[in-house]
Amino acid sequence: MVWRVMGTGSAVLAGIVANKLVTTIWKKAGKDATLDPRDPRTPWRDAVAFAALTGLAAGAAKVAMTRKAAQYYAKSSGHLPKAMQEGDA
């Protein structure tokens with residue numbers, strides 16, 4: 001139960017962090033900060049680039065946060081979460 005809360009919480013936090021990071025990078029690149037890839041007025045190139053960057057950042061952040069949460073769990077309990085022991089993380 002503890003791992004489910006930690007794992008889910010870390011994934012949600014990772015999504016928030018990734019979204020902020022992508023938005024910041026997009027602005028610094030001189031792109032429109034209010035880009036919505038779903039908007040048909042957005043050029044395909046920008047929509048796909050934004051979606052790819054967001055997906056990459058979200059995936060990498062989720063992996064990093066889940067690994068950190070698992071390390072903390074293992075340090076606290078002396079073993080990996082049951083879901084990770086069974087290969088179902």
Side-chain angles (χ1 to χ4, degrees):
M1 182 66 165
V2 172
W3 173 246
R4 284 187 177 209
V5 172
M6 286 178 69
T8 302
S10 66
V12 169
L13 182 60
I16 292 168
V17 169
N19 192 15
K20 296 264 186 205
L21 178 67
V22 168
T23 302
T24 301
I25 291 170
W26 199 255
K27 284 180 188 178
K28 288 191 184 227
K31 300 292 184 176
D32 184 12
T34 60
L35 174 82
D36 184 357
R38 301 168 298 175
D39 187 343
R41 295 170 294 184
T42 300
W44 271 101
R45 182 178 180 180
D46 288 349
V48 171
F50 186 81
L53 185 59
T54 301
L56 176 65
K62 182 179 177 188
V63 167
M65 295 295 277
T66 302
R67 288 176 60 98
K68 277 304 206 189
Q71 285 175 341
Y72 178 78
Y73 184 95
K75 187 176 182 181
S76 299
S77 68
H79 58 83
L80 285 174
K82 187 177 180 182
M84 286 191 165
Q85 292 174 1
E86 297 169 356
D88 189 31

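Index from 1, following the sequence.
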**Report entry** Between CG on residue N19 and OG1 on residue T24, distance to nearest 0.5 Å
**Finding:** 9.5 Å
Query raised in the report: For R45, which residues count as a salt bridge (charged side-chain N to carboxylate O under 4.0 Å, His left out) partner, sequence neighbours excluded?
Result: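 Result, salt bridge (charged side-chain N to carboxylate O under 4.0 Å, His left out) vs R45: none returned.
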Query - salt bridge (charged side-chain N to carboxylate O under 4.0 Å, His left out) contacts in which one or both residues fall within residues 8-26, not counting sequence neighbours - result: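 Non-adjacent pairs meeting salt bridge (charged side-chain N to carboxylate O under 4.0 Å, His left out): zero.
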Query - Sequence neighbours excluded, every pair satisfying salt bridge (charged side-chain N to carboxylate O under 4.0 Å, His left out) that has a member inside residues 58-74 - result: none
Query raised in the report: Under 4.5 Å between any side-chain heavy atoms of L53 and W26, yes or no?
Result: yes
Report task. Compare every heavy atom of A61 with every heavy atom of A18, then report the nearest pair and how far apart it is. Result ->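 Looking at all heavy atoms of both residues, the closest pair is CB-CB, 4.2 Å.
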Query - Where V22 and A57 come nearest, the two heavy atoms and their spacing - result: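 Taking V22 first and A57 second, the nearest heavy atoms are CG2-CB, 3.5 Å.
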Report task. Report yes or no: does T42 contribute a side-chain atom to a donor-acceptor pair with the main-chain N or O of D36 at less than 3.5 Å? Result ->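 Such a contact is found between T42 side chain and D36 backbone.
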**Report entry** Transitive ILVMFWY side-chain link L80 to Y72, under 4.5 Å
**Finding:**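 Per the 4.5 Å side-chain linkage, L80 and Y72 are co-clustered.
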Query - F50-L21 co-clustered via ILVMFWY side chain contacts under 4.5 Å - result: yes
